[in-house]
Engineer: 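Mind looking over this structure? Questions follow.
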Amino acid sequence: MKRTTNLCIAFLFLSVTTGCWNLEEPDQLSFVTGAGLDLTEDGKLEASYLVVLPASLGSGQISGGENKNSFQVMSATGKNVSDAMVNVQSKLSRKVFSGHRDIFLVGQRLAEHGMGKTIDPFLRIPKSEMRSMIYVVKNGKPKDVFSIVPFFDRFITTSLSDEQKAIGLKPYLAREFVVDVLSEGKQPLVPVVGLNPSGHYSYRGSGIFNKADNVKLVGFLNMKETAYARWITNDLTRVTLTSSIPKEDGSISLTLHSLDQNIHVQKIDEQLQITVQLSGKGTIIENTTNLDPTKQKDLQLIQDELNQKNQKLVHKIIKKVQEEYKMDIFGFGEQVHQQSPQQWKSLKQNWTETFSQLNVSVKVDLQCTNLGQTDSSIYP
Amino acid sequence: MKLSRIQVVWIIVTTLIIAMIGLRITPAIQIAKQDAWLSMLVGGIVSIPLTLLVVHLSILHPNRTLIEFGQTVLGKWLGRTIVLPYLISWYILPAVLLRSFGDFIHLIILDQTPVWIIMFLLISVVTYLTYSSGITGIGRFCALVGPIIVFTLLVSFILNVRNVEWHHLFPIYTDSGWIDILKGSLPPAFWFAGPFILLVIVAFMEKPKKAISTAMLGIGITVFMVSAATLMVLLVFGPDLAAKLRFSFFVSIRTIDILDFIQNIDILIVFIWVFGVTAQLSLYFFIASYETAQWFKVKDWRKFIWFGAPAIFVMAIFIPNEATITLFSKFWTSVVFPICGIGIPFLLWTISVIKRKSVKL
């Protein structure tokens, strides 16, 4: 008798503890792999989503003639982020589920207006995704990018999340953007994509933000400048550098695999002196000069030439950022913070000013460890 | 009702670790920034003398719990009065815990389920565990789930290694200074010492003489795990972002992404959360019932379960909002703990030692 009562009680518990209150079948959810925010021309916030259409996914078999879209782009405007989201939801019969959001896009118009007020909901909502990557859409709207029909993947978001790895950058996640915005000594540098006339997207470098002024977009760096800037912040995994060698009437390309950086902060006569050291080892992949890298003398010449050229280039980029944008995207402030924390306490108030007048010296040390399969150029 | 050493170690670990990781990491980071993990370690060190005091007091009165030896030390009426704050806090603490946990689950996964259902289910499990086997059952439960909790946490640390950014930890010490580190360490220190549970638990030990080493081992494991979890949160988010996240450790689990394949594993953490909270609630609930029985000099302590369970449940429902819980937590560290964790035990201990010496003389 007691056993039966116990069993009954156990059954009662089983039936109420299974979380049926929150029953949400996958066919009641609309999975979102990308979310975007932008301003409309009349200044309203616009949210757009890339919604997956599960019916079109099915098994991997390709059946002839079937050409159904595997996604749908939905967008709506609103007073703030959540309001816009609610308005998107009103067009969907299934509840928006952002647990698989890979990509978060920001339109250029919103970025230039300042996105300080739009960050909060992405951390506050408990189901929000901590692994999405963030991009700025140059000269375009997020929904235009979402509408692209990609050639490799089913959704453009998958392509976008592989993009940075493919070009040798460490993926820049939305949460890192928030960390940068909250940090004391670094300004956000966000990857940028733009729409091509052909209708596809291309990676266009990155955007510089000013977190002190409502997280506004203040300027762009092109692809090459971005690579160097990311090298300085240690977010570069692979890069190909090409330098022309006028003496030898040709050029040499080097693909660097193991990259390293070191930022050293010194104080000379009450003046901050920052030394940026960039080093890397790589493979020669193209050589149109007469130099033969298997000879020690020529190899040295190639390396010296590469070092000098790149040193100048990095210096120029840092100068440009210092003078044109005055935003410390290289995280020099963070380095000062870490290396001489006492001084930082007085420096951090006026860091933007200090940064623009910083003395920065650059040292580049490249080594060609792998010479490739040929010695001097095949056709000299 | 007897407890083995291992069971006591795991009781300490299981009942503390989840509450510490869930509720104490973010406040510590808000005060001590990137040095919060140091705060946790310092908190562990500060808690050692506090624990020693409580355990030694219990050892002086073998096989007797606080309510019993309180009366032998201070006399019948004074002894009974002085333990009243303990009884009250042993009833209020589980209520607050129950409510915060209910709110947490409600926020994270079951947002359409009424909070009272979540709390009702939990208090039912707790009542069942406590009623069926008392402290022995709780000891066994902890010895079972404690290792699972520690193991799961360690795995979560390893899985999150890919997200670690070492530079978040620097500069060490200079930004906060020892005042902030100490300030951040006090609330954890009070929690590491346990909400005076050792005043009761030691009485149930098979070998009370080994209580000191046992308690130290339990607290050692807890301090290590909590510091490691704090370190993980800091390494993943950095102090600025972590200070803004209310459940920072839990959110740090959400960042795990191994090869685009292992993602959204926060649900596993919810499991160990439930284990830990069940153990914690059961222990406080048992102590509350047992000690109330002692206070009223009733033999059968189980009778008080039928008063305690509804009381805790109703109190948990009537907590109006989050602000009250924050207020309670402040009240706990600034008033309740100094009185019940240091003041009264110290008084009892001094009198016990003096009495013992005078007897010997």
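Each chain gets a letter, A, B and so on, in the order its sequence line appears, and its residues count up from 1.
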Engineer: Please report the closest heavy-atom contact between Met327(A) and Phe355(A), naming both atoms and the distance.
Structural biologist: O-CE2, 3.3 Å
Engineer: For Phe177(A) and Phe104(A), what are the C-alpha separation, side-chain angles and deciding distance, and is it a ring pair (Phe, Tyr, Trp, His ring centres under 6.0 Å)?
Structural biologist: CA-CA 11 Å; Phe177(A) 175 69; Phe104(A) 178 54; 8.3 Å; no
Engineer: Given salt bridge (Lys or Arg N to Asp or Glu O under 4.0 Å), test Asp300(B) with Lys303(B) step by step and report yes or no.
Structural biologist: CA-CA 6 Å; Asp300(B) 185 13; Lys303(B) 279 179 187 158; 5.0 Å; no
Engineer: If I measure from the heavy atoms of chain A, does Ile172(B) come under 4.5 Å with its side chain, its backbone, both, or neither?
Structural biologist: neither
Engineer: For the interface with chain B, which of Ser340(A), Pro341(A), Ser183(A) has the highest count of heavy-atom pairs at distances below 4.5 Å?
Structural biologist: Pro341(A)
Engineer: Tell me, for Glu176(A) versus chain B, whether the close heavy atoms (under 4.5 Å) come from the side chain, the backbone, both or neither.
Structural biologist: side chain
Engineer: Using non-hydrogen atoms only, which part of Lys170(A) is less than 4.5 Å away from chain B: side chain, backbone, both, or neither?
Structural biologist: side chain
Engineer: Apply ring pair (Phe, Tyr, Trp, His ring centres under 6.0 Å) to residues Trp273(B) and Phe247(B) and explain how you reach the verdict.
Structural biologist: CA-CA 12 Å; Trp273(B) 233 254; Phe247(B) 308 104; 8.6 Å; no
